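We name chains A, B, ... by the order of the sequence lines, and we start the count at 1 in each one. Please read these numbers as outputs of a predicted model, since none were measured by experiment.
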Amino acid sequence: MIRTRILDQLSIALRHAAPQLNALSVDDAVLAGLRLERPRNPEHGDYAVNVSFLARHTKMAPPKIAETIAAHWTDPSLSASVVGGYLNLRLSETVFCEALTALLKESEPGKNASLLGEVILVEYVSANPTGPLHIGHGRWAALGDTLVRILRHCGAQVTAEFYINDAGVQMRNIALSVLLRAREVLLEREKLSADIQRVEAEVPYPGDYVSDIVRELLDDQPELNAQILAFWQALLQANPEGPILWAMHSDSVPTDLLKSIMTLTRDRMLSVQRALLDTMRVTFESWISEKAYLYDRDVITPSLQRLSEQGFTYEADDALWFKSTEFGDEKDRVLRKSDGSFTYLTPDIAYHHDKFNRPEGYNLILDIWGADHHGYIPRMRGAIQALGHNADQFEVLLGQLVNLIVDGERTRMGKRRKMLTLQDVIDEVGVDATRFWMVSKSADSALDFDVDLAASSTSENPVFYVQYAHARCCSILRNAVESAPNVDTGELNPPFVQAEALTEFEAQLTPEKLALLFDSLAEPRDRAVLGNLLLILDSFEDTVKDAARLRAPHFITQALMDVAAQFHSFYNVCRILTPDPAVTTVRLMLVRAIQSVLAQGLELLGVSAPEKM
RNA sequence: GCCUCAGUAGCUCAGUCGGAUAGAGCAACCGCCUUCUAAGCGGUAGGUCACAGGUUCGAAUCCUGUCUGGGGUACCA
């Protein structure tokens, strides 16, 4: 990488110059402070170092410092010139060719070892199996899966995990909703009389999809069908007169019936969610059920006991509390409600306790949450500390929420009656555009997802811009080695280059052989475009590292847009396939490198890289 | 009230550790297909980086305060 090479040279020059810089001690802090940047103005060179910050250490004027360092510059391939407090560097064409050579030898561009040895557990989406995934889940899915891919590209060993929230009040609510909605379906099927209208109810989950679940359950489960029918008939017969207030009776639903509905609903919704995630190319190695993994194995109580033994719990108002205020939370939190059941927090504490104790020995527990769970962080972090774990190994990536724009109007995501689900959006917009769009903005920004815009004018979507660049590369690489019929005569033209010759050239590639790439361009402006293109390709590895370090997948989309733009630009000023096979060959090397970076970047985003469009 | 995210071109958003003249896409306007994919390229126009102080050689970036908008502030999850 060019950047590394420059930094090495800079470090050497700095050490040599140190005596004339008031005996500056060239330590890590000084080297870390030296930032290599791309100048905005191309006249300032390819890279620049701002040495102004050394003024404090050396008590010298910045231009003087720059000049002193420049005087000790030894690498002629990185020619240095001084403008004010800047050390401007212009790279020789050889350096560019070396970078391209290195890139072409890379089977997976950007792959690096910056996170080698890291063992990371990433948990995301983790929806309740009480309904279809909504647009917000789509953001976490795209964000999480992309981040996982990026972390792996940096050498980390990553496990992606989905926590199935299949215990607790919400499951009971969805089951009750199914039962309630079932009476309408039964009415349609004329097994129940119109008496049903006497039932007055607030439905916890009013979404239309509940009726769909009901129909499927009733169709597939004749036994359950009979049980539900019997339940409703009994209830209506027991109350021959007047309206039935559902709230008074929901507690008397037979436990077995409710459990069967709950289980079947859970399985149904989970499989729907999994199918969609699969469509989105979002993969989890691990699916953890709150009910099966935590409740049924009875691991909640032990972690609760451990908290108590450490003295971080107390009883008050018939409930058990966690002293989360001792860890900076604004108030203490209930662990066990006065009715004896746990709050959501309690199994979640056990879950995170378990994450820390797994044999994999994760040194980073990374959760991706929606911003609506923000206030939950201090108590979770507190619990982790209270259990004796290192809270620094626990990190929450918060994503701001998604606004769905339909007909130009902002719709809050959620379980509305006429809700647009993630599946609807995917059907309209497609996986590629959805994933690209979802990660192309910083997670810190609330995201407006305009469905009409994304669906109607797909060509405006940046993902196609990048994919088009990739397809264009592929097309050129195809055409280069194929015989094409002459437009006028219909006779077959020979290919621009022989496929074997091309393979041979690439296998024996050296920077010197690429010199023709620059030499064949007459216009300085075209050379500048080429140089810029090579610099962006070369810095792709840094982009991947930064994206991993800052958990910022949108760096990747940004970089791909950049590569695509520079390539399109180059394509318009410089023909790749020429009558001269030698020139064609070196230009094809460039195209191959671009194609390889674009393909790799799209792979990291989980977006397809079409060879034709 | 408190916590938190945001406020940058008409719109949607980048801007990494504080650096040179503020960056894209879309929308607008003017050009470019006889040639490898025009889902493309070149150009023009568009800015009080919400506001006010502060820190310093230097602030869209850091600090304080104010305003506006999103989210949170449960014995829901």
From B/rC36, B/rG71, B/rC76, nucleotide with atom closest to A/Thr343 side chain = B/rC76

Are OP1 or OP2 of B/rA77 and a side-chain N or O of A/Tyr344 less than 4.0 angstrom apart?
-> no

Which stems, defined as runs of 3 or more consecutive Watson-Crick or G-U wobble pairs with both pairing distances under 3.5 Å, involve RNA chain B?
-> B:1-7 with B:67-73, B:10-13 with B:23-26, B:28-32 with B:40-44, B:50-54 with B:62-66

Ignoring backbone atoms, establish whether A/Arg172 has a side-chain N or O less than 4.0 Å from OP1 or OP2 of B/rC76.
-> no

Looking at B/rU12, B/rC5, B/rC75, which one has an atom nearest to any side-chain atom of A/Ala319?
-> B/rC75

Would you mind calling B/rC13 syn or anti? Take O4'-C1'-N9-C4 for purines or O4'-C1'-N1-C2 for pyrimidines, and syn is within 90° of 0.
-> anti

Passing option when A/Arg551 is tested against A/Leu151, A/Leu143, A/Ile150 for side chain to side chain contact (heavy atoms under 4.5 Å, CB included) = A/Leu151

When rounded to whole Å, the CD to C1' distance for the pair A/Glu330 and B/rU4 reads 11 Å

Look at A/His373 and B/rU4 and indicate whether a side-chain polar atom (N or O) is within less than 4.0 Å of OP1 or OP2.
-> no

Nearest to the side chain of A/Ser569 - B/rC76, B/rG71, B/rG42?
-> B/rG42

Closer than 4.0 Å, any side-chain N/O of A/Lys331 to the OP1 or OP2 of B/rC75?
-> yes

Under 4.0 angstrom, heavy atoms only, what part of the nucleic acid is A/Gln400 near: base, sugar-phosphate, or nothing?
-> base

Face-to-face contact A/His44 to B/rA20 six-ring, under 5.5 Å, under 30° = yes

